[in-house]
Participant: 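Quick one: the structure is below, questions incoming.
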Amino acid sequence: MTLAVLFGGQGTQHPLMLPWLAEDALVAQTCEALGTRDWRAALSDPAWATTNRHAQVLLTGLGLAAWRQIEAGLPPVGALAGYSVGELAAFAAAGVFSDAMALQLAQQRVACMDQALAQAGEGGGLLSVAGPRSRVLDLLAQARERDPGLGLAIDLGADAAILGGPQAALARAAVALEGLGLRCKPLNVAIASHVPMLTEAAAGFARALDAHDLRPPRCPLFANLSGARVRRAEDARRALAGQIASTVRWADCLDAVHAQRVRCVLEVGPGSALASMWRQRFPEVPARSVDEFRSAAAVIDWVQRQLR
């Protein structure tokens, strides 16, 4: 029984996140990749913070920096997973590629996604839906002819989901779903991820991954594309590229992590959405986010106390 680590995705980044994060070499590399000297000041501009090419690089670099600053004080990890773009940090933490390569891949991933959306002539977004998944799937089936770009982006289980697609299609879906008594909330994301409208982006990122040497993970690592364990370099390539245009099976991923008999869960990144999802699904296993603590030492102390 051991520690599980989950790396979060975009949508919850804010200028006060990770208050204990030290300015180390990886943070500096992230700022250089972003073209800014002060990432907190940059995040204070909402337009900058939600731009795809900023958010994905920022979350990959700072998520990894936060992990490296606490990793030495923690026991070996028994399970790793990443939510959406958080997979880049998770795969680097598992040794599939270096931190520097993760930053490079984040930039390539963004370029592929932005190019695909430019060719499509429209942007998009994500819509959080709280309510029975069956009603969400019924709505998607009914909307398929009018809104073919609309899709189930992230499967969160029986009572929650995230839809992706063009903004107009998401607005129509929200009206219909709220009319059925479901609760909808647009996410702070300026792109439709994990839906078929990004098929070309997935293919482009697959080609980018082919140019890099990947290694088998050195600890249990689970892909959000299916919840399956990643065992080989080829598994990693397929998972990282495939999830761009396919539904993220996050509920299945959490089930796979839980099956490793973990004793506590640590979310790495801004906010605490993943820790909250975990507690709702597995209330007997404590989960917290590093963003809830005021120091790296406090994060380490909490984990160590759970594992005694």
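Bear in mind the structure is a predicted one, so any value in this text is a computation, not a measurement. Residue indices begin at 1 and follow the sequence shown.
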Participant: Check whether more than 12 heavy atoms from other residues, nucleotides or ligands sit under 6.0 Å from atom CZ of R215, and answer yes or no.
Facilitator: yes
Participant: Quick one: do W39 and T30 satisfy side chain to side chain contact (heavy atoms under 4.5 Å, CB included)? Show the steps, please.
Facilitator: CA-CA 9 Å; W39 63 270; T30 304; over 6 Å; no
Participant: Please examine the side chains of V290 and E267, heavy atoms only from C-beta on, and report whether any two atoms are closer than 4.5 Å.
Facilitator: no
Participant: May I ask you to test the V230-P220 pair for a side-chain heavy-atom distance under 4.5 Å?
Facilitator: no
Participant: Using a 6.0 Å cut-off, check whether atom CG of D213 has over 12 heavy atoms from anything other than its own residue.
Facilitator: no
Participant: Using a cut-off of 6.0 Å, state whether more than 12 heavy atoms not belonging to R37 lie near its atom CZ.
Facilitator: no
Participant: Is the backbone N or O of A208 less than 3.5 Å from a side-chain atom of Q108, with the two atoms forming a donor-acceptor pair by type?
Facilitator: no
Participant: Which word best sums up how the rings of W67 and F7 line up, parallel for under 30°, tilted for 30 to 60°, or perpendicular for over 60°?
Facilitator: perpendicular
Participant: The test is side chain to side chain contact (heavy atoms under 4.5 Å, CB included); show your working for R238 and R232 and say whether it passes.
Facilitator: CA-CA 10 Å; R238 186 165 47 250; R232 305 172 301 155; 3.6 Å; yes
Participant: Are Q56 and N52 close enough that a side-chain donor and a side-chain acceptor fall under 3.5 Å?
Facilitator: yes
Participant: Do M197 and V248 sit in the same hydrophobic cluster, where Ile, Leu, Val, Met, Phe, Trp and Tyr count as joined when their side-chain heavy atoms come under 4.5 Å apart?
Facilitator: yes
Participant: Nearest 0.5 Å, what's the CG-CG distance between L16 and L43?
Facilitator: 9.5 Å
Participant: Quick check against the 3.5 Å criterion: does T12 have a side-chain atom that pairs as donor or acceptor with the backbone of P270?
Facilitator: yes
Participant: Can you tell me if T60 uses its side chain to pair, donor with acceptor, with the backbone of A102 under 3.5 Å?
Facilitator: no
Participant: What distance separates E87 CD from C253 SG, expressed to the nearest 0.5 Å?
Facilitator: 7.0 Å
Participant: Is it the case that the side chain of N188 and the backbone of T50 share a donor-acceptor pair, with hydrogens and angles ignored and the cut-off at 3.5 Å?
Facilitator: no
Participant: Under 3.5 Å, is there a donor-acceptor pair between the side chain of T51 and the main chain of A47?
Facilitator: yes
Participant: List the residues meeting salt bridge (Lys or Arg N to Asp or Glu O under 4.0 Å) with D155, not counting sequence neighbours, and say none if there are none.
Facilitator: R133, R249
Participant: Would you say that more than 12 heavy atoms from the other residues, nucleotides or ligands in this model lie under 6.0 Å from the CZ of R144, or not?
Facilitator: no
Participant: Between L221 and V5, is there shared hydrophobic-cluster membership here, with clusters defined by ILVMFWY side-chain heavy atoms closer than 4.5 Å?
Facilitator: yes
Participant: With A256, which residues qualify under side chain to side chain contact (heavy atoms under 4.5 Å, CB included), at least two apart?
Facilitator: F222
Participant: Output yes when a side-chain donor or acceptor of S246 lies under 3.5 Å from a complementary backbone atom of Q243, and no otherwise.
Facilitator: no
Participant: Under the salt bridge (Lys or Arg N to Asp or Glu O under 4.0 Å) test, which residues partner R281, sequence neighbours left out?
Facilitator: D255
Participant: Would you find more than 12 non-hydrogen atoms of other residues, nucleotides or ligands less than 6.0 Å from E178 atom CD?
Facilitator: yes
Participant: Suppose we screen for salt bridge (Lys or Arg N to Asp or Glu O under 4.0 Å). Which residues come up paired with E292, at least two apart in sequence or across chains?
Facilitator: R288
Participant: Could you check whether any side-chain heavy atom of P286 comes within less than 4.5 Å of a side-chain heavy atom of W302, counting everything from C-beta outward?
Facilitator: yes
Participant: Strictly distance-based, threshold 3.5 Å: is any side-chain N or O of R40 a donor or acceptor partner for the main-chain N or O of M17?
Facilitator: yes
Participant: How about V96 and L240: do any of their side-chain heavy atoms sit closer than 4.5 Å?
Facilitator: no
Participant: Could you pull out all residues at least two apart from H54 that satisfy ring pair (Phe, Tyr, Trp, His ring centres under 6.0 Å)?
Facilitator: W48
Participant: Give a yes or no on whether a salt bridge exists between R135 and D138, defined as a side-chain N under 4.0 angstrom from a carboxylate O.
Facilitator: no
Participant: Using modelled atom types only, decide if a donor and an acceptor are shared between the side chain of S272 and the backbone of A275 within a distance under 3.5 Å.
Facilitator: no
Participant: Is there side-chain contact between V77 and T2, with at least one heavy-atom pair below 4.5 Å?
Facilitator: no
Participant: Determine yes or no for a side-chain-to-main-chain donor-acceptor pair under 3.5 angstrom, with R263 supplying the side chain and L3 the backbone.
Facilitator: no
Participant: Run the salt bridge (Lys or Arg N to Asp or Glu O under 4.0 Å) check on R172 and D147 step by step: do they pass?
Facilitator: CA-CA 9 Å; R172 286 190 287 270; D147 294 315; 2.5 Å; yes
Participant: For L88 and A106, which heavy atoms make the closest approach, and how far apart are they?
Facilitator: CD1-CA, 3.5 Å
Participant: Tell me whether V110 shares a hydrophobic cluster with V85, the cluster being built from Ile, Leu, Val, Met, Phe, Trp, Tyr side chains joined at under 4.5 Å.
Facilitator: no
Participant: Mind checking the CD-CG spacing from Q69 to L18? Nearest 0.5 Å is all I need.
Facilitator: 9.0 Å
Participant: Strictly below 4.0 Å, N to O, side chains only: are D210 and R207 in salt-bridge contact?
Facilitator: no
Participant: Determine, using the 4.5 Å side-chain heavy-atom cutoff (strictly less than), whether L127 and L117 are members of one ILVMFWY cluster.
Facilitator: no
Participant: For a 4.5 angstrom cut-off between non-hydrogen side-chain atoms, does L163 reach L177?
Facilitator: yes
Participant: Hey, are the side chains of V129 and I162 touching, using non-hydrogen atoms and a 4.5 Å cut-off?
Facilitator: no
Participant: Can you tell me how far CG of L187 sits from CD1 of I154, rounded to the nearest 0.5 angstrom?
Facilitator: 7.5 Å
Participant: Starting from the C-alpha separation in whole Å, work towards a yes-or-no answer on side chain to side chain contact (heavy atoms under 4.5 Å, CB included) for R109 and C112.
Facilitator: CA-CA 5 Å; R109 185 180 193 268; C112 291; 5.9 Å; no
Participant: Do W278 and L274 make a side-chain contact, defined as non-hydrogen atoms from C-beta onward lying under 4.5 Å apart?
Facilitator: no
Participant: Specify the closest pair of heavy atoms between V257 and A79, including all atoms of both residues, with the distance to one decimal.
Facilitator: CG1-CB, 3.8 Å
Participant: For D291, does its backbone N or O pair with a side-chain atom of S289 as donor and acceptor, under 3.5 Å?
Facilitator: yes
Participant: Could you measure the distance from the CG atom of L266 to the CD1 atom of I70? Nearest 0.5 Å is fine.
Facilitator: 5.0 Å
Participant: Check step by step if side chain to side chain contact (heavy atoms under 4.5 Å, CB included) holds for L105 and H212.
Facilitator: CA-CA 9 Å; L105 288 171; H212 297 285; 3.5 Å; yes
Participant: Which residues pass the ring pair (Phe, Tyr, Trp, His ring centres under 6.0 Å) test with W250, not counting sequence neighbours?
Facilitator: Y83
Participant: Honestly curious: do V268 and W20 fall in one hydrophobic cluster under the side-chain, below-4.5 Å linking rule?
Facilitator: yes
Participant: Do H194 and S84 have a side chain donor and acceptor closer than 3.5 Å?
Facilitator: yes
Participant: For E200, I'd like to know if atom CD has over 12 heavy atoms of other residues, nucleotides or ligands within 6.0 Å.
Facilitator: no
Participant: Quick one: CE on M101 to CG on L209, what's the gap to the nearest 0.5 Å?
Facilitator: 9.5 Å
